[in-house]
Protein chains: 2
Amino acid sequence: MDGDKIRNMEEFAAVAGISRPTISKYFHDPDSVKKSTRARIEEALERHDYRPNIFAMNQNRKLTRTIGIVVPYLADPVFGEIARTIEQRCIKAGYRAALFSSHGEQASEIEALESLRSLRPSGVLLAPLGRFSDRDFIAEFCQEFPTVLFDRDIGDVGAAFVGSDNMSFVSQSVEYLTRTGDAPCFFEMKNPSNPNSIARRHGYREAMQARGLEPMFVQVDGEGWEFERSGYEGGLRAIANRELPTHTVLCSNDRLAIGFLAACYESGLRVGRGSGCALRVAGHDDHPHARFTCPSLTTVAHEYDTVSECGVETLFELIEQGGSFDTRREKRFPARLMLRNSA
Amino acid sequence: MDGDKIRNMEEFAAVAGISRPTISKYFHDPDSVKKSTRARIEEALERHDYRPNIFAMNQNRKLTRTIGIVVPYLADPVFGEIARTIEQRCIKAGYRAALFSSHGEQASEIEALESLRSLRPSGVLLAPLGRFSDRDFIAEFCQEFPTVLFDRDIGDVGAAFVGSDNMSFVSQSVEYLTRTGDAPCFFEMKNPSNPNSIARRHGYREAMQARGLEPMFVQVDGEGWEFERSGYEGGLRAIANRELPTHTVLCSNDRLAIGFLAACYESGLRVGRGSGCALRVAGHDDHPHARFTCPSLTTVAHEYDTVSECGVETLFELIEQGGSFDTRREKRFPARLMLRNSA
DNA sequence: CAGAAAAATTATCGCGCGTAAAGAAAATTC
DNA sequence: GAATTTTCTTTACGCGCGATAATTTTTCTG
């Protein structure tokens, strides 16, 4: 804790009485220097608390041991949570993480990848925007750095994809709902930008048809990422205009469902599977708030932990393999029905 | 879009037929070179799409034009939203943003600031953890870089603080609730780590005493950042044990309130200000979900936009002033009551 | 204690870029 | 057209560190 600040490794080497390359080796791997020198370095470290400049380090390093994480919208708590768990897994594995959000915009997604390029990351975990992604740009990026896509697939880009099996998602919820009552209609945005939404729409259609049932869609307006608002306003309208074809509503995702539940509450519709209930509502994703809605939301859970763990591990394997797999790996995890009180 | 990749500025200068220092000047400010050379550079840019390495640029630059943003917990949608707006304001002002989350842990907060140090940011907007922050470390950091604290103040650290006036927050909600019905009890965590929570506790006590009323506290267990869970479980228990001293509950923040509302719903307590209602519930913060709870949550709104705008502008002013103000600036914005249906 | 092995040192280059100074070329002025 | 100003090029160095090779020093082995 000396007053005189150490400006760089050279100065620190001087006060430690050890040559700079040895200091460099120490920070690369403390065990690579002799025990006595390590002690001397660590003693000096306590007196002067110096830390090497991470970006200067990475500039000329073979392996930066930095993992880039890009999510489409960080203000969405689902992605906030995913990013957090991934980041911690990386740190636990001895990597550092650099987090970027695409803010739902193509330009930001490109900007994030350009920034990452400057970091020369050892690997990248990318949840692309989807329909709004610049597919060619991303493909080129994936050529340059070991990249694993997750959450949303944009088809044949990157060395691997890890996510949820939307078919499994929807078939589980449709199976449960049809088994225990009315067949569900599907409540969704008219023009989703998200590949998962589209996959779920297909999944719903197929699951219904497989049971000899006619698919029913309730499509609401709304742009961008204000899903709750879309669900709420679209829900109010659908209820007022009696546009709901059944008493069971399956929402494309939980954020829509949260808005829809608010619309039901406000419209005086009691939601649940009890006898006094007018409507059953279910969602997909197991949003962090899903257990705190009124009533708590029956939904289908991502295996967050599993997906993020598999994503990280796939990436590490990819890095070890030198950046490419023989064939693109695709792993989709089945979902788990979370039975709560709304359906 | 030539096949041969440009690896650095030197190579790009070669293919553009212009010297590297001039290219460097161009990227620093396109208007600083003659129109004809700018045209030549931009033409080459289209053929080869090159972008300078941002971290190498910053390494030896006087002004990096990078703003560091550190929030205590990014998976919290409130901070996600704040971070997003701040980031966009920085970009609009011609700065780039580097975002970090402290994940609710001191070690991560320090790690974030260390990473920022390597970036040599032009300025930093820091929302500290609060009680868990390493105050000395942060103070030292603030000496080194122009730093504006926001959201939470940790007393006399940094050149400025911008946030909400917790007194105004609580006095508004207490005023409204006492005027329109029962005096509220205060629902909060037993050991909040957050300075705002502590300030609100004091604010509540004073607001009640100013009206000649006895403050009433309902304190629930719970650690970390799972506020909804704490509110839910604590709420269930308080309701079951009839520990609520009044029919009006003022929650320290909206996330607690969201959990508490779920507990009310599950306990069969109707919340709202109508005649058939057993309980009134209000919160603080105007969480993004507050308008979609059942019933919609009466709360007190941050002026998100105002706070983030003021924070960013204060920081820019600080940067222009050379990194320090004569006296520490403190700006606390009053809050706005958001009247909804829960109280 | 000598000899071999291990570790640290010196020296020098590289990463991708910023920056400053001096001179050459081009554009502007009168 | 010459004199001036602006702009560009050249050259050289710096940022903070990684990496390598050639030496020197230290440590280990017997």
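Chain identifiers are assigned alphabetically (A, B, ...) following the order of the sequence lines, protein sequences preceding nucleic acid strands; residue numbering begins at 1 within each chain. Atom set for the values below is all heavy atoms of this structure, side chains included, hydrogens, waters and symmetry mates excluded. No experiment lies behind these values; they were computed from the predicted model shown.
- Looking at the side chain of A:A56, the nearest of the listed nucleotides D:dC17, D:dG14, C:dT19 is D:dC17.
- Applying the salt bridge (charged side-chain N to carboxylate O under 4.0 Å, His left out) criterion to A:D134, with sequence neighbours excluded, gives no partner residue.
- In this model, the phosphate group of D:dT25 is not approached by any side-chain N or O of A:K34 to a distance below 4.0 Å at OP1 or OP2.
- Which of C:dC17, D:dC8, C:dA20 sits closest to the side chain of B:V33 comes down to D:dC8.
- Rounded to an integer number of Å, the gap from CZ of A:R20 to C1' of C:dT12 is 10 Å.
- With A:T314 contributing its side chain and A:C310 its backbone, the two residues share a donor-acceptor pair below 3.5 Å.
- Take the nearest nucleotide of DNA chain C for B:P52 and for B:P21: the residue whose nucleotide is more 5' is B:P52.
- Residue-level contact check: A:Y50 touches the backbone only, with heavy atoms under 4.0 Å from sugar-phosphate atoms and none from bases.
- Taking atom CE on B:M9 and atom P on C:dG14, their separation rounds to 19 Å, with Å as the unit.
- Within the nucleic acid shown, A:K25 has no heavy atom closer than 4.0 Å to any nucleic acid atom.
- Rounded to whole Å, atom P of C:dC17 lies 12 Å from atom CZ of B:R51.
- Remark: aromatic rings of A:F333 and A:Y304 are distant, center separation not under 6.0 Å.
- Note: A:F141 and A:F145 meet the aromatic proximity criterion, with ring centroids under 6.0 Å apart.
- A straight line from NE2 of A:H28 to P of D:dG18 spans 9 Å, rounded to a whole angstrom.
- Summarising the geometry, the separation between OH on A:Y26 and P on C:dT9 is reported as 15 Å, rounded to the nearest angstrom.
- Within the 4.0 Å cut-off from OP1 or OP2 of C:dG16, at least one side-chain nitrogen or oxygen of B:N8 is found.
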Tabulate below the donor-acceptor pairs under 3.5 Å that side-chain atoms of residues 7-14 of chain B make, not counting sequence neighbours, or state none.
from  : atom 1 : to    : atom 2 : distance (Å)
B:N8  : OD1    : B:E10 : N      : 3.2
B:N8  : OD1    : B:E11 : N      : 2.9
B:E11 : OE1    : B:R7  : N      : 3.2

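- Rounded to an integer number of Å, the gap from B:N53 CG to D:dG16 C1' is 14 Å.
- A sub-4.0 Å separation between OP1 or OP2 of C:dT9 and a side-chain N or O of A:T22 is present.
- Taken to the nearest 0.5 Å, the NE2 atom of B:H28 stands 8.0 Å off from the CE atom of B:M57.
- Residue B:S19 is in base contact, counting any heavy-atom pair closer than 4.0 Å across all strands shown.
- Atom pair B:Q59:CD and C:dG16:P shows a separation of 12 Å (rounding to whole Å applied).
- Contact annotation: B:K62 side-chain N/O to C:dA20 OP1/OP2 distance is under 4.0 Å.
- Annotation: the span from B:I54 atom CD1 to A:S115 atom OG amounts to 7.0 Å, rounded to 0.5 Å.
- Within the 4.0 Å cut-off from OP1 or OP2 of C:dA8, at least one side-chain nitrogen or oxygen of A:T37 is found.
- For A:D29, the CG atom sits in a packed shell: over 12 heavy atoms of surrounding residues, nucleotides or ligands are nearer than 6.0 Å.
- Listed by residue number, there are no residues of residues 111-123 of chain A with a heavy-atom contact under 4.0 Å to DNA chain C.
- As a whole-Å value, the separation of B:I41 CD1 from D:dT7 P is 14 Å.
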